[in-house]
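Here's the structure we're looking at; comments come further down.
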Amino acid sequence: MNLPMRALAAHFRAHLAVMMQYRGEVLLWSVWGVISPAVLYAMWSAAASGSSSGVIAGYDQASFAAYFLMMMIVGHVTAAWDVYEMGYLVRSGSMSAQLLKPVLPMWQSIGANMAYKVVTLMFVVPMWAIFAWIVKPKFQPEWWEVAAGLAAMVLGSALAYLLSYVMAMAAFWAPKLDALGEAFFALSMFAGGRFAPIEALPWYVVPVAKALPFRWMYEFPTELLVGGRLSGAETVWGLIAQLGWLGVLVVAFRVLWRAGLKRYTAVSG
Amino acid sequence: MIRAVRLIGLFIRVSVQNFAAYRFDFFVRLFVSLGHLFGELLAVATVFSNTESLAGWRVEHMLVLVGVFRIVAGGIRMFIVPNMRKVMEDIRSGSFDFLLLAPLDAQFHVSVREFVVWRITDVVLGAALALYGCHKLLGTIPLPQVVLFVFMMIASFTIVYAVWLTLAAVCFWIVRIENIEMIFWNIFEAGRFPIQIYPPWMQWGLTYLIPVAFITTFPAASLLGDPVTGMSPRVPLFASILALAALLLSSWIFRRGLRRYSGASA
(Lines give C-alpha, C1' and ligand atoms only; values in the text may rest on other atoms or scores of the structure.)
Protein backbone atom coordinates (compact mmCIF):
# COMPACT_ATOMS: atom_id res chain seq x y z
CA MET A 1 0.00 0.00 0.00
CA ASN A 2 1.24 3.47 -0.75
CA LEU A 3 1.58 6.18 1.85
CA PRO A 4 -1.72 8.06 1.45
CA MET A 5 -3.72 4.82 1.62
CA ARG A 6 -1.87 3.70 4.76
CA ALA A 7 -2.46 7.09 6.32
CA LEU A 8 -6.12 6.95 5.36
CA ALA A 9 -6.52 3.51 6.94
CA ALA A 10 -4.78 4.64 10.12
CA HIS A 11 -6.85 7.83 10.40
CA PHE A 12 -10.00 5.84 9.74
CA ARG A 13 -9.24 3.43 12.59
CA ALA A 14 -8.28 6.23 14.96
CA HIS A 15 -11.40 8.25 14.20
CA LEU A 16 -13.55 5.15 14.50
CA ALA A 17 -12.34 4.85 18.08
CA VAL A 18 -12.92 8.58 18.72
CA MET A 19 -16.44 8.48 17.32
CA MET A 20 -17.28 5.43 19.43
CA GLN A 21 -16.18 7.40 22.48
CA TYR A 22 -18.39 10.33 21.52
CA ARG A 23 -21.32 8.28 20.25
CA GLY A 24 -23.84 10.47 22.10
CA GLU A 25 -22.56 13.51 20.29
CA VAL A 26 -22.42 11.74 16.95
CA LEU A 27 -25.98 10.51 17.45
CA LEU A 28 -27.23 14.08 17.88
CA TRP A 29 -25.57 15.19 14.65
CA SER A 30 -26.94 12.29 12.67
CA VAL A 31 -30.51 12.79 13.91
CA TRP A 32 -30.61 16.08 12.04
CA GLY A 33 -30.06 14.22 8.78
CA VAL A 34 -33.26 12.32 9.47
CA ILE A 35 -35.42 15.13 10.88
CA SER A 36 -34.92 17.63 8.08
CA PRO A 37 -36.02 15.33 5.21
CA ALA A 38 -38.87 14.00 7.37
CA VAL A 39 -40.19 17.53 7.98
CA LEU A 40 -39.88 18.29 4.27
CA TYR A 41 -41.73 15.09 3.39
CA ALA A 42 -44.59 16.11 5.71
CA MET A 43 -44.65 19.55 4.10
CA TRP A 44 -44.65 18.31 0.47
CA SER A 45 -47.17 15.64 1.26
CA ALA A 46 -49.50 18.35 2.63
CA ALA A 47 -48.73 20.56 -0.38
CA ALA A 48 -49.53 17.74 -2.82
CA SER A 49 -52.88 17.07 -1.17
CA GLY A 50 -53.61 20.82 -1.23
CA SER A 51 -52.92 21.13 -4.96
CA SER A 52 -55.70 20.53 -7.47
CA SER A 53 -54.15 17.46 -9.12
CA GLY A 54 -52.55 15.92 -6.04
CA VAL A 55 -49.29 15.66 -8.00
CA ILE A 56 -46.35 18.10 -7.86
CA ALA A 57 -43.56 17.89 -10.45
CA GLY A 58 -44.57 14.30 -11.14
CA TYR A 59 -44.57 13.27 -7.48
CA ASP A 60 -47.61 12.18 -5.52
CA GLN A 61 -47.60 11.55 -1.77
CA ALA A 62 -46.19 8.02 -1.96
CA SER A 63 -43.42 8.98 -4.38
CA PHE A 64 -42.56 12.05 -2.26
CA ALA A 65 -42.17 9.56 0.60
CA ALA A 66 -39.74 7.53 -1.53
CA TYR A 67 -37.90 10.68 -2.62
CA PHE A 68 -37.28 11.99 0.88
CA LEU A 69 -36.48 8.56 2.36
CA MET A 70 -33.87 8.15 -0.36
CA MET A 71 -32.67 11.72 0.26
CA MET A 72 -32.08 10.81 3.92
CA ILE A 73 -29.78 8.00 2.82
CA VAL A 74 -28.05 9.99 0.07
CA GLY A 75 -27.67 12.92 2.46
CA HIS A 76 -25.98 10.65 4.99
CA VAL A 77 -23.60 9.13 2.45
CA THR A 78 -22.68 12.52 0.96
CA ALA A 79 -22.24 14.39 4.27
CA ALA A 80 -19.13 16.62 4.26
CA TRP A 81 -18.27 19.36 6.70
CA ASP A 82 -14.80 20.67 5.82
CA VAL A 83 -16.36 23.89 4.60
CA TYR A 84 -17.48 24.58 8.19
CA GLU A 85 -14.17 23.64 9.79
CA MET A 86 -11.36 24.90 7.64
CA GLY A 87 -11.75 28.50 8.80
CA TYR A 88 -11.17 27.39 12.37
CA LEU A 89 -8.17 25.21 11.43
CA VAL A 90 -6.54 28.15 9.68
CA ARG A 91 -7.44 30.76 12.31
CA SER A 92 -6.27 28.72 15.26
CA GLY A 93 -3.15 27.45 13.49
CA SER A 94 -4.18 23.79 14.02
CA MET A 95 -3.50 23.36 10.34
CA SER A 96 0.23 23.70 11.02
CA ALA A 97 0.41 20.40 12.91
CA GLN A 98 -1.46 18.63 10.13
CA LEU A 99 0.88 20.10 7.52
CA LEU A 100 3.90 18.61 9.26
CA LYS A 101 2.73 15.12 8.40
CA PRO A 102 4.07 13.58 5.18
CA VAL A 103 0.59 13.26 3.63
CA LEU A 104 -2.02 15.85 2.68
CA PRO A 105 -4.28 16.91 5.60
CA MET A 106 -7.13 15.88 3.35
CA TRP A 107 -6.47 12.19 4.09
CA GLN A 108 -7.05 12.77 7.78
CA SER A 109 -10.31 14.53 7.03
CA ILE A 110 -11.43 11.74 4.67
CA GLY A 111 -10.66 9.18 7.37
CA ALA A 112 -12.79 11.10 9.88
CA ASN A 113 -15.55 11.50 7.32
CA MET A 114 -15.72 7.77 6.62
CA ALA A 115 -15.54 6.86 10.30
CA TYR A 116 -18.48 9.19 11.04
CA LYS A 117 -20.58 7.57 8.34
CA VAL A 118 -19.83 4.05 9.55
CA VAL A 119 -20.41 4.74 13.25
CA THR A 120 -23.68 6.59 12.68
CA LEU A 121 -25.09 3.70 10.63
CA MET A 122 -26.16 2.01 13.83
CA PHE A 123 -28.36 5.01 14.66
CA VAL A 124 -29.60 6.05 11.27
CA VAL A 125 -30.53 2.65 9.83
CA PRO A 126 -33.22 2.05 12.49
CA MET A 127 -34.49 5.61 12.03
CA TRP A 128 -34.72 5.11 8.26
CA ALA A 129 -36.63 1.88 8.84
CA ILE A 130 -39.12 3.57 11.18
CA PHE A 131 -39.63 6.44 8.76
CA ALA A 132 -40.17 4.02 5.87
CA TRP A 133 -42.65 2.02 7.93
CA ILE A 134 -44.67 5.17 8.76
CA VAL A 135 -44.76 6.84 5.35
CA LYS A 136 -45.05 3.75 3.07
CA PRO A 137 -42.88 4.93 0.16
CA LYS A 138 -43.43 3.83 -3.44
CA PHE A 139 -40.21 2.62 -5.04
CA GLN A 140 -40.08 1.34 -8.61
CA PRO A 141 -36.46 1.06 -9.78
CA GLU A 142 -35.34 -1.38 -12.46
CA TRP A 143 -32.19 -3.40 -11.74
CA TRP A 144 -30.08 -1.06 -13.92
CA GLU A 145 -31.41 1.95 -12.01
CA VAL A 146 -30.32 0.39 -8.72
CA ALA A 147 -26.85 -0.34 -10.10
CA ALA A 148 -26.45 3.11 -11.67
CA GLY A 149 -27.95 4.72 -8.58
CA LEU A 150 -25.44 3.10 -6.24
CA ALA A 151 -22.57 4.15 -8.51
CA ALA A 152 -24.04 7.67 -8.71
CA MET A 153 -24.27 7.77 -4.90
CA VAL A 154 -20.58 6.91 -4.53
CA LEU A 155 -19.59 9.47 -7.17
CA GLY A 156 -21.95 12.01 -5.60
CA SER A 157 -20.37 11.58 -2.19
CA ALA A 158 -16.88 12.08 -3.68
CA LEU A 159 -18.20 15.18 -5.46
CA ALA A 160 -19.79 16.61 -2.33
CA TYR A 161 -16.65 16.00 -0.34
CA LEU A 162 -14.37 17.61 -2.92
CA LEU A 163 -16.62 20.60 -3.53
CA SER A 164 -16.93 21.22 0.19
CA TYR A 165 -13.14 21.03 0.48
CA VAL A 166 -12.52 23.32 -2.48
CA MET A 167 -14.95 25.93 -1.14
CA ALA A 168 -13.39 25.54 2.30
CA MET A 169 -10.03 26.59 0.93
CA ALA A 170 -11.32 30.16 0.71
CA ALA A 171 -10.34 30.10 4.41
CA PHE A 172 -6.71 30.59 3.37
CA TRP A 173 -7.64 34.02 2.03
CA ALA A 174 -10.52 34.91 4.38
CA PRO A 175 -10.27 32.85 7.61
CA LYS A 176 -13.30 34.51 9.19
CA LEU A 177 -15.70 33.82 6.36
CA ASP A 178 -17.98 31.53 8.37
CA ALA A 179 -20.91 32.25 6.09
CA LEU A 180 -19.28 29.99 3.50
CA GLY A 181 -20.61 26.86 5.23
CA GLU A 182 -24.10 28.29 5.20
CA ALA A 183 -23.79 29.15 1.52
CA PHE A 184 -22.76 25.56 0.75
CA PHE A 185 -25.68 24.29 2.80
CA ALA A 186 -28.23 26.60 1.16
CA LEU A 187 -27.03 25.65 -2.33
CA SER A 188 -27.23 21.95 -1.51
CA MET A 189 -30.81 22.47 -0.30
CA PHE A 190 -32.15 24.37 -3.29
CA ALA A 191 -29.79 23.58 -6.18
CA GLY A 192 -29.21 20.02 -4.95
CA GLY A 193 -32.85 19.03 -4.68
CA ARG A 194 -32.79 18.42 -0.94
CA PHE A 195 -35.54 20.95 -0.27
CA ALA A 196 -37.65 19.95 -3.26
CA PRO A 197 -37.16 18.13 -6.56
CA ILE A 198 -35.57 20.69 -8.89
CA GLU A 199 -38.52 20.55 -11.29
CA ALA A 200 -40.71 21.90 -8.45
CA LEU A 201 -38.60 25.03 -7.96
CA PRO A 202 -39.92 28.35 -9.36
CA TRP A 203 -39.12 28.62 -13.09
CA TYR A 204 -36.53 31.40 -12.58
CA VAL A 205 -34.41 29.20 -10.26
CA VAL A 206 -34.49 25.98 -12.30
CA PRO A 207 -31.83 26.94 -14.90
CA VAL A 208 -29.44 28.08 -12.13
CA ALA A 209 -29.93 24.87 -10.20
CA LYS A 210 -29.35 22.78 -13.31
CA ALA A 211 -26.10 24.57 -14.17
CA LEU A 212 -24.55 23.99 -10.72
CA PRO A 213 -22.90 20.72 -9.65
CA PHE A 214 -25.12 20.20 -6.59
CA ARG A 215 -27.86 18.26 -8.37
CA TRP A 216 -25.34 15.57 -9.33
CA MET A 217 -24.55 15.01 -5.65
CA TYR A 218 -28.05 14.67 -4.25
CA GLU A 219 -30.92 14.66 -6.70
CA PHE A 220 -29.41 12.46 -9.42
CA PRO A 221 -28.65 9.39 -7.25
CA THR A 222 -31.95 9.87 -5.40
CA GLU A 223 -34.00 9.93 -8.60
CA LEU A 224 -32.26 6.81 -9.89
CA LEU A 225 -32.92 4.86 -6.69
CA VAL A 226 -36.55 6.02 -6.46
CA GLY A 227 -36.91 4.69 -9.97
CA GLY A 228 -38.93 5.38 -13.11
CA ARG A 229 -37.83 9.00 -13.53
CA LEU A 230 -34.74 8.97 -15.76
CA SER A 231 -34.21 7.40 -19.19
CA GLY A 232 -31.14 5.32 -20.01
CA ALA A 233 -29.58 8.17 -21.98
CA GLU A 234 -30.19 10.67 -19.16
CA THR A 235 -28.57 8.25 -16.74
CA VAL A 236 -25.44 7.85 -18.86
CA TRP A 237 -25.17 11.61 -19.35
CA GLY A 238 -25.61 12.11 -15.63
CA LEU A 239 -22.79 9.74 -14.78
CA ILE A 240 -20.58 11.50 -17.34
CA ALA A 241 -21.50 14.88 -15.81
CA GLN A 242 -20.52 13.55 -12.37
CA LEU A 243 -17.14 12.37 -13.67
CA GLY A 244 -16.59 15.67 -15.48
CA TRP A 245 -17.30 17.72 -12.36
CA LEU A 246 -15.01 15.43 -10.36
CA GLY A 247 -12.22 16.13 -12.83
CA VAL A 248 -12.82 19.87 -12.63
CA LEU A 249 -12.78 19.79 -8.85
CA VAL A 250 -9.59 17.72 -8.64
CA VAL A 251 -7.82 20.29 -10.81
CA ALA A 252 -9.32 23.17 -8.80
CA PHE A 253 -8.16 21.50 -5.59
CA ARG A 254 -4.56 21.13 -6.81
CA VAL A 255 -4.32 24.72 -8.04
CA LEU A 256 -5.98 26.28 -4.99
CA TRP A 257 -4.11 24.12 -2.50
CA ARG A 258 -0.76 25.19 -3.85
CA ALA A 259 -1.73 28.87 -3.91
CA GLY A 260 -3.44 28.63 -0.51
CA LEU A 261 -0.46 27.10 1.25
CA LYS A 262 1.68 30.02 0.16
CA ARG A 263 -0.83 32.37 1.75
CA TYR A 264 -1.03 30.25 4.89
CA THR A 265 2.67 30.45 5.71
CA ALA A 266 2.33 34.19 5.37
CA VAL A 267 -0.74 34.54 7.57
CA SER A 268 -0.64 32.43 10.68
CA GLY A 269 1.71 30.68 13.00
CA MET B 1 -35.46 44.45 40.85
CA ILE B 2 -34.09 47.90 39.97
CA ARG B 3 -30.62 46.49 40.47
CA ALA B 4 -31.42 43.63 38.10
CA VAL B 5 -32.61 46.03 35.39
CA ARG B 6 -29.52 48.20 35.84
CA LEU B 7 -27.26 45.15 35.59
CA ILE B 8 -28.96 43.97 32.41
CA GLY B 9 -28.48 47.49 31.05
CA LEU B 10 -24.82 47.31 31.94
CA PHE B 11 -24.32 43.93 30.24
CA ILE B 12 -26.11 45.18 27.14
CA ARG B 13 -23.93 48.31 27.09
CA VAL B 14 -20.76 46.20 27.24
CA SER B 15 -22.03 44.01 24.42
CA VAL B 16 -22.87 47.05 22.30
CA GLN B 17 -19.41 48.49 22.91
CA ASN B 18 -17.75 45.20 21.96
CA PHE B 19 -19.84 45.09 18.86
CA ALA B 20 -19.09 48.70 17.91
CA ALA B 21 -15.41 47.84 17.76
CA TYR B 22 -16.11 45.63 14.73
CA ARG B 23 -18.39 47.85 12.68
CA PHE B 24 -17.47 46.35 9.33
CA ASP B 25 -18.62 42.97 10.62
CA PHE B 26 -22.10 44.39 10.88
CA PHE B 27 -22.46 44.70 7.12
CA VAL B 28 -21.26 41.14 6.57
CA ARG B 29 -23.74 39.99 9.20
CA LEU B 30 -26.57 42.01 7.73
CA PHE B 31 -25.85 40.28 4.46
CA VAL B 32 -26.07 36.88 6.19
CA SER B 33 -29.39 37.84 7.80
CA LEU B 34 -30.76 38.88 4.44
CA GLY B 35 -29.45 35.63 2.99
CA HIS B 36 -31.38 33.59 5.56
CA LEU B 37 -34.55 35.53 4.88
CA PHE B 38 -34.04 35.17 1.14
CA GLY B 39 -33.67 31.38 1.50
CA GLU B 40 -36.84 31.14 3.55
CA LEU B 41 -38.78 33.27 1.07
CA LEU B 42 -37.49 31.12 -1.79
CA ALA B 43 -38.82 28.09 0.08
CA VAL B 44 -42.26 29.74 0.35
CA ALA B 45 -42.14 30.73 -3.32
CA THR B 46 -41.29 27.14 -4.25
CA VAL B 47 -44.15 25.67 -2.25
CA PHE B 48 -46.75 28.08 -3.57
CA SER B 49 -45.64 27.86 -7.17
CA ASN B 50 -46.93 24.28 -6.92
CA THR B 51 -49.96 24.51 -4.68
CA GLU B 52 -52.55 26.95 -3.39
CA SER B 53 -52.66 25.79 0.17
CA LEU B 54 -50.43 24.07 2.68
CA ALA B 55 -52.77 22.30 5.12
CA GLY B 56 -55.08 25.33 4.85
CA TRP B 57 -52.31 27.96 5.09
CA ARG B 58 -52.05 30.19 2.04
CA VAL B 59 -49.07 32.24 0.97
CA GLU B 60 -49.97 35.28 3.15
CA HIS B 61 -50.32 33.03 6.20
CA MET B 62 -46.96 31.46 5.45
CA LEU B 63 -45.26 34.87 5.20
CA VAL B 64 -46.38 35.55 8.76
CA LEU B 65 -45.08 32.16 9.91
CA VAL B 66 -41.73 32.69 8.19
CA GLY B 67 -41.53 36.08 9.90
CA VAL B 68 -42.24 34.52 13.28
CA PHE B 69 -39.67 31.77 12.66
CA ARG B 70 -37.08 34.44 11.84
CA ILE B 71 -37.94 36.44 14.97
CA VAL B 72 -37.54 33.36 17.15
CA ALA B 73 -34.45 32.03 15.33
CA GLY B 74 -32.76 35.43 15.54
CA GLY B 75 -34.04 36.37 18.98
CA ILE B 76 -32.76 33.23 20.67
CA ARG B 77 -29.37 33.67 19.02
CA MET B 78 -29.36 37.21 20.32
CA PHE B 79 -29.76 36.54 24.02
CA ILE B 80 -30.47 32.86 24.83
CA VAL B 81 -27.97 30.84 22.78
CA PRO B 82 -24.83 32.91 23.56
CA ASN B 83 -25.52 32.87 27.30
CA MET B 84 -26.40 29.20 27.50
CA ARG B 85 -23.41 28.16 25.40
CA LYS B 86 -21.24 30.08 27.82
CA VAL B 87 -22.73 28.28 30.83
CA MET B 88 -22.09 24.91 29.24
CA GLU B 89 -18.50 25.86 28.45
CA ASP B 90 -17.96 27.24 31.94
CA ILE B 91 -19.28 24.08 33.57
CA ARG B 92 -17.00 21.97 31.43
CA SER B 93 -13.89 24.07 31.95
CA GLY B 94 -14.50 24.82 35.61
CA SER B 95 -14.56 28.59 35.17
CA PHE B 96 -18.12 28.39 36.48
CA ASP B 97 -16.39 28.85 39.86
CA PHE B 98 -15.83 32.52 39.16
CA LEU B 99 -19.45 33.02 38.29
CA LEU B 100 -20.55 31.55 41.60
CA LEU B 101 -18.31 34.01 43.43
CA ALA B 102 -20.29 37.00 42.11
CA PRO B 103 -22.87 38.35 44.60
CA LEU B 104 -25.74 37.59 42.25
CA ASP B 105 -28.37 34.94 41.77
CA ALA B 106 -26.61 32.32 39.62
CA GLN B 107 -29.50 31.69 37.22
CA PHE B 108 -30.03 35.42 36.66
CA HIS B 109 -26.33 36.00 36.16
CA VAL B 110 -25.82 33.20 33.60
CA SER B 111 -28.87 34.33 31.63
CA VAL B 112 -27.91 37.94 30.97
CA ARG B 113 -24.15 37.98 30.50
CA GLU B 114 -24.00 38.28 26.76
CA PHE B 115 -26.02 39.81 23.95
CA VAL B 116 -25.24 39.30 20.29
CA VAL B 117 -26.32 42.75 19.21
CA TRP B 118 -26.36 42.37 15.45
CA ARG B 119 -28.98 39.61 15.62
CA ILE B 120 -31.50 42.39 16.13
CA THR B 121 -31.57 42.55 12.32
CA ASP B 122 -33.23 39.11 12.25
CA VAL B 123 -35.87 40.24 14.71
CA VAL B 124 -36.59 43.44 12.80
CA LEU B 125 -36.69 41.73 9.40
CA GLY B 126 -38.89 38.94 10.80
CA ALA B 127 -41.31 41.36 12.43
CA ALA B 128 -41.54 43.43 9.25
CA LEU B 129 -42.32 40.32 7.20
CA ALA B 130 -44.93 39.08 9.70
CA LEU B 131 -46.70 42.45 9.71
CA TYR B 132 -46.51 42.64 5.93
CA GLY B 133 -48.11 39.20 5.58
CA CYS B 134 -50.82 40.16 8.05
CA HIS B 135 -51.53 43.39 6.19
CA LYS B 136 -51.64 41.57 2.88
CA LEU B 137 -54.20 39.08 4.17
CA LEU B 138 -56.46 41.38 6.20
CA GLY B 139 -55.84 44.77 4.59
CA THR B 140 -55.13 46.15 8.05
CA ILE B 141 -53.16 45.24 11.15
CA PRO B 142 -55.70 45.07 13.99
CA LEU B 143 -54.29 46.27 17.29
CA PRO B 144 -55.86 43.60 19.59
CA GLN B 145 -54.28 40.87 17.49
CA VAL B 146 -50.91 42.59 17.68
CA VAL B 147 -51.22 42.72 21.47
CA LEU B 148 -52.13 39.02 21.59
CA PHE B 149 -49.25 38.31 19.20
CA VAL B 150 -46.73 40.07 21.44
CA PHE B 151 -48.09 38.14 24.40
CA MET B 152 -47.74 34.83 22.53
CA MET B 153 -44.21 35.72 21.44
CA ILE B 154 -43.24 36.36 25.05
CA ALA B 155 -44.65 32.95 25.98
CA SER B 156 -42.78 31.42 23.05
CA PHE B 157 -39.45 32.92 24.10
CA THR B 158 -40.07 31.89 27.71
CA ILE B 159 -40.60 28.28 26.66
CA VAL B 160 -37.46 28.31 24.51
CA TYR B 161 -35.47 29.87 27.33
CA ALA B 162 -36.67 27.14 29.70
CA VAL B 163 -35.64 24.43 27.24
CA TRP B 164 -32.14 25.90 26.87
CA LEU B 165 -31.73 26.40 30.60
CA THR B 166 -32.64 22.75 31.11
CA LEU B 167 -30.15 21.65 28.44
CA ALA B 168 -27.46 23.76 30.08
CA ALA B 169 -28.34 22.29 33.47
CA VAL B 170 -28.03 18.77 32.05
CA CYS B 171 -24.32 19.57 31.69
CA PHE B 172 -24.04 19.46 35.49
CA TRP B 173 -24.76 15.74 35.24
CA ILE B 174 -23.45 14.78 31.79
CA VAL B 175 -20.37 16.80 31.03
CA ARG B 176 -19.25 14.98 27.94
CA ILE B 177 -21.91 15.68 25.30
CA GLU B 178 -20.68 18.88 23.70
CA ASN B 179 -23.39 19.40 21.14
CA ILE B 180 -26.35 18.79 23.43
CA GLU B 181 -27.93 21.89 21.91
CA MET B 182 -28.59 19.85 18.76
CA ILE B 183 -31.55 18.40 20.68
CA PHE B 184 -33.15 21.83 20.51
CA TRP B 185 -32.23 22.54 16.89
CA ASN B 186 -33.57 19.17 15.77
CA ILE B 187 -36.93 19.85 17.39
CA PHE B 188 -37.02 23.49 16.31
CA GLU B 189 -36.68 22.36 12.69
CA ALA B 190 -40.24 21.00 12.91
CA GLY B 191 -41.47 24.55 13.65
CA ARG B 192 -40.50 25.88 10.23
CA PHE B 193 -43.91 24.90 8.88
CA PRO B 194 -47.40 24.99 10.43
CA ILE B 195 -47.97 21.94 12.62
CA GLN B 196 -51.09 21.12 10.60
CA ILE B 197 -48.86 19.54 7.92
CA TYR B 198 -48.16 16.63 10.27
CA PRO B 199 -50.43 13.62 10.84
CA PRO B 200 -52.90 14.11 13.73
CA TRP B 201 -51.03 11.98 16.29
CA MET B 202 -47.88 13.96 15.65
CA GLN B 203 -49.76 17.28 15.89
CA TRP B 204 -50.96 16.19 19.29
CA GLY B 205 -47.40 15.34 20.30
CA LEU B 206 -46.01 18.62 18.98
CA THR B 207 -48.61 20.54 20.97
CA TYR B 208 -48.73 18.76 24.32
CA LEU B 209 -45.56 16.65 24.63
CA ILE B 210 -42.94 18.76 22.83
CA PRO B 211 -44.65 22.14 22.53
CA VAL B 212 -43.24 23.22 19.15
CA ALA B 213 -46.67 24.56 18.20
CA PHE B 214 -46.40 27.21 20.91
CA ILE B 215 -43.07 28.44 19.57
CA THR B 216 -44.01 29.35 15.99
CA THR B 217 -47.42 28.15 14.78
CA PHE B 218 -49.59 29.62 17.55
CA PRO B 219 -47.92 33.06 17.67
CA ALA B 220 -48.33 33.33 13.89
CA ALA B 221 -51.93 32.16 14.13
CA SER B 222 -52.70 34.69 16.86
CA LEU B 223 -51.51 37.57 14.66
CA LEU B 224 -53.62 36.30 11.77
CA GLY B 225 -56.73 35.53 13.80
CA ASP B 226 -57.89 33.36 10.90
CA PRO B 227 -59.80 30.14 11.67
CA VAL B 228 -57.96 28.20 8.92
CA THR B 229 -54.87 28.27 11.10
CA GLY B 230 -56.76 26.02 13.50
CA MET B 231 -55.98 27.81 16.75
CA SER B 232 -58.56 27.36 19.48
CA PRO B 233 -59.40 30.42 21.64
CA ARG B 234 -58.07 28.64 24.71
CA VAL B 235 -54.53 28.57 23.32
CA PRO B 236 -53.36 31.86 24.94
CA LEU B 237 -54.41 30.50 28.34
CA PHE B 238 -52.54 27.23 27.71
CA ALA B 239 -49.54 29.22 26.50
CA SER B 240 -49.30 31.23 29.71
CA ILE B 241 -49.69 28.14 31.92
CA LEU B 242 -47.15 26.22 29.86
CA ALA B 243 -44.62 29.05 29.83
CA LEU B 244 -44.90 29.53 33.58
CA ALA B 245 -44.64 25.81 34.30
CA ALA B 246 -41.64 25.43 31.97
CA LEU B 247 -39.90 28.38 33.61
CA LEU B 248 -40.41 27.03 37.14
CA LEU B 249 -39.44 23.48 36.20
CA SER B 250 -36.27 24.51 34.37
CA SER B 251 -35.27 26.81 37.20
CA TRP B 252 -35.76 23.93 39.67
CA ILE B 253 -33.64 21.62 37.51
CA PHE B 254 -30.95 24.28 37.25
CA ARG B 255 -30.82 24.69 41.03
CA ARG B 256 -30.66 20.92 41.53
CA GLY B 257 -27.78 20.80 39.06
CA LEU B 258 -26.03 23.69 40.77
CA ARG B 259 -25.90 21.64 43.96
CA ARG B 260 -24.08 18.89 42.09
CA TYR B 261 -21.47 21.24 40.69
CA SER B 262 -18.15 20.62 42.35
CA GLY B 263 -15.78 22.66 40.21
CA ALA B 264 -14.77 20.36 37.38
CA SER B 265 -11.11 21.17 37.01
CA ALA B 266 -10.34 24.85 37.56
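The sequence lines fix the lettering, A, B, ..., with proteins before strands; numbering per chain opens at 1. Heavy atoms only: backbone and side chains are in, while hydrogens, waters and symmetry mates are out.
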remark   = For residues 112-125 of chain A against chain B, heavy atoms under 4.5 Å, the residues are none
Which side-chain N or O atoms in residues 27-37 of chain B pair as donor and acceptor under 3.5 Å with protein atoms at least two apart or in another chain?
unit_1, atom_1, unit_2, atom_2, d
Ser33(B), OG, Thr121(B), OG1, 3.0
Ser33(B), OG, Asp122(B), OD1, 3.1
His36(B), NE2, Glu182(A), OE1, 2.4

ask   = At a heavy-atom separation under 4.5 Å, does Ala186(A) approach chain B through its side chain, its backbone, both, or neither?
value = neither
message = In the structure I gave you, are the side-chain heavy atoms of Ile197(B) and Trp44(A) within less than 4.5 Å of one another anywhere?
response = no
key: Part of Ile174(B) within contact of chain A (heavy atom distance under 4.5 Å)   = neither
query = Where does Val205(A) contact chain B at under 4.5 Å (heavy atoms): side chain, backbone, both or neither?
reply = side chain
Let me check something: any side-chain donor-acceptor pairs from residues 213-225 of chain B under 3.5 Å, sequence neighbours excluded? List them with distances.
unit_1, atom_1, unit_2, atom_2, d
Thr216(B), OG1, Gly191(B), O, 2.8
Thr217(B), OG1, Ile195(B), N, 3.3
Ser222(B), OG, Phe218(B), O, 3.4
Ser222(B), OG, Pro219(B), O, 2.7

key: Heavy-atom closest contact (Leu201(A) atom, Ser49(B) atom, distance)   = C-OG, 4.4 Å
query = Is the closest side-chain heavy-atom distance between Leu40(A) and Phe193(B) below 4.5 Å?
reply = yes
Under 3.5 Å, which donor-acceptor pairs link side chains of residues 76-88 of chain B to any protein atom two or more places apart or in another chain?
unit_1, atom_1, unit_2, atom_2, d
Arg77(B), NH1, Ala73(B), O, 3.1
Asn83(B), OD1, Arg113(B), N, 2.9
Asn83(B), OD1, Glu114(B), N, 2.7
Asn83(B), ND2, Phe79(B), O, 2.8
Asn83(B), ND2, Ser111(B), O, 3.0
Asn83(B), ND2, Glu114(B), O, 3.0
Arg85(B), NE, Glu181(B), OE1, 2.8
Arg85(B), NH2, Glu181(B), OE2, 2.9
Lys86(B), NZ, Glu114(B), OE1, 3.0

query = Where on Phe185(A) is there a heavy atom nearer than 4.5 Å to chain B: the side chain, the backbone, both, or neither?
reply = neither
ask   = Is a side-chain donor or acceptor of Ser51(A) paired with a backbone partner of Thr51(B) at a separation under 3.5 angstrom?
value = no
